[in-house]
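Working notes, structure below.
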Amino acid sequence: IAINPTSDAAMDTPGQVDDPVWWKLLLGNVYFSLIWLPLRFFVGREWLTAGEEKIRGGTWKTGEGLAGYWTNAVAVPEQGRPAITYGWYRDFLQYMLDHKWYTWFADVIMWGEVLVGIGILVGALVGIAAFFGTVMNFSFQLAGSASTNPVLFGLSVFLILAWKVAGFWGLDRYLLPLLGTPWHRGTIFEGGDTTNGTPAVGGRLRTN
């Protein structure tokens, strides 16, 4: 099977710049999807561990742990730089503190981390799971927490870019052809689109 990596649509569309072959193979070819497994295991394990530790910890179950985290983040020291750089984000966290959102928002974070970790590990909607992971990473960094957030954010961006194939060695091998995308319906909505037994999302594998 010879895969033609050249996109006719990209070549025929005025103003459209085509991507390098190696980039298209890495982000959109199922035969290269094995490359994403180690990255998925690392990122997924980090999220699952973080969420599991919060669930087992008593302070997060009651929201006290999150309340303490937000309180430390919004504090402005007399000397030195505050943890939060942007005033609008400090006001946002203070608003949530004043209205005691931590009583329910802690559950969102705990179970969100667990679900993101499981989704990435088992390859279920990897792109969506990685996206919500970056949202949490970004929020933690805005609150002044570096820790593993910059690394996880950067790695998750690559998983988002490779959403079509990153979970091929996992549940996405079956979920994506079934569900499809907003621009390409899956088999549960209409007839499937496969070539030589390999499911295609958003387009066909071209063979000679």
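One-based numbering along the sequence shown. We use all heavy atoms of the structure for the numbers below, so side chains are in, but hydrogens, waters and symmetry mates are not.
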Item to check | Check against side-chain contact (heavy atoms from CB on, under 4.5 Å), W60 and L66 | outcome: CA-CA 6 Å; W60 272 82; L66 181 58; 3.7 Å; yes

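- Classification of the F105-W70 ring pair by plane angle, with boundaries at 30° and 60°, yields tilted.
- At least one side-chain heavy atom of L142 sits under 4.5 Å from a side-chain heavy atom of W88.
- L115 and V108 fall into different hydrophobic clusters, where Ile, Leu, Val, Met, Phe, Trp and Tyr residues are linked whenever their side-chain heavy atoms come under 4.5 Å apart, directly or through other members.
- Remark: side-chain polar atoms of S156 are not paired, donor with acceptor, to backbone N or O of F153 under 3.5 angstrom.
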Item to check | salt bridge (charged side-chain N to carboxylate O under 4.0 Å, His left out) between K61 and D107, intermediate numbers included | outcome: CA-CA 7 Å; K61 290 181 179 179; D107 288 331; over 6 Å; no

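- Contact detail for A83 and A73: the closest heavy-atom pair is CB-O, 3.8 Å.
- Distance alone, capped at 3.5 Å, is enough to place a donor-acceptor pair between the T134 side chain and the F131 backbone.
- With contacts defined as side-chain heavy-atom distances shorter than 4.5 Å, the pair F168/V30 qualifies.
- Scanning both residues, A75 and P77, for their nearest heavy atoms gives O-CD, 3.6 Å.
- With R173 contributing its side chain and G167 its backbone, the two residues share no donor-acceptor pair below 3.5 Å.
- No donor-acceptor pair under 3.5 Å is formed between the side chain of N72 and the backbone N or O of Y69.
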Checklist entry - How far apart are the C-alpha atoms of L27 and W36, what are their side-chain angles, what is the distance that settles it, and do they pass the side-chain contact (heavy atoms from CB on, under 4.5 Å) test? => result CA-CA 10 Å; L27 299 184; W36 299 105; 3.7 Å; yes

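- For V74 against Q94, the heavy-atom pair with the smallest separation is CG2-OE1, 3.5 Å.
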Checklist entry - Yes or no on side-chain contact (heavy atoms from CB on, under 4.5 Å) for L176 and L125, after CA distance, side-chain angles and deciding distance? => result CA-CA 8 Å; L176 292 184; L125 303 178; 4.3 Å; yes

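- The shortest side-chain heavy-atom distance between T148 and E46 falls under the 4.5 Å cut-off.
- The structure places CG of L179 at 5.0 Å from CD1 of I188, a figure rounded to the nearest 0.5 Å.
- Here the CG atom belonging to L159 is positioned 6.0 Å from the CD1 atom belonging to I120, to the nearest 0.5 angstrom.
- Residues Y89 and S139 share a closest heavy-atom pair of OH-O, 3.1 Å.
- Taking both residues in full, the closest heavy atoms of A146 and P150 are given as O-CD, 3.1 Å, listed atom of the first, atom of the second, then distance.
- Side-chain contact between K24 and N29: absent, with no pair of heavy atoms (C-beta onward) separated by less than 4.5 Å.
- Taking 4.5 Å as the limit, some side-chain heavy atom of W23 sits within range of a side-chain heavy atom of P20.
- In this structure the side chain of W163 reaches within 4.5 angstrom of the side chain of T181, judged on heavy atoms.
- With a 4.5 Å cut-off on side-chain heavy atoms, D91 and Y95 do not count as touching.
- Note on Y86 and V76: separate hydrophobic clusters, where clusters join Ile, Leu, Val, Met, Phe, Trp and Tyr whose side-chain heavy atoms are under 4.5 Å apart, directly or indirectly.
- Atom CG of residue L48 and atom CD of residue E53 lie 10.0 Å apart, to the nearest 0.5 angstrom.
- Atoms CD and CE, on Q141 and M136 in that order, are 12.5 Å from each other to the nearest 0.5 Å.
- Considering CG of L93 and CH2 of W101, their distance stands at 11.0 Å, rounded to 0.5 Å.
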Checklist entry - F140 and I109: side-chain contact (heavy atoms from CB on, under 4.5 Å), yes or no, with the steps? => result CA-CA 11 Å; F140 292 147; I109 295 176; 4.1 Å; yes

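- Remark: the backbone N or O of V126 is paired with a side-chain donor or acceptor of D172 at under 3.5 angstrom.
- No side-chain heavy atom of W47 sits less than 4.5 Å from a side-chain heavy atom of F132.
- To the nearest 0.5 Å, atom CD1 of residue I118 and atom CZ of residue R45 are 14.5 Å apart.
- When every heavy atom of A67 is checked against every heavy atom of L97, the shortest pair comes out as O-CD2, 3.8 Å.
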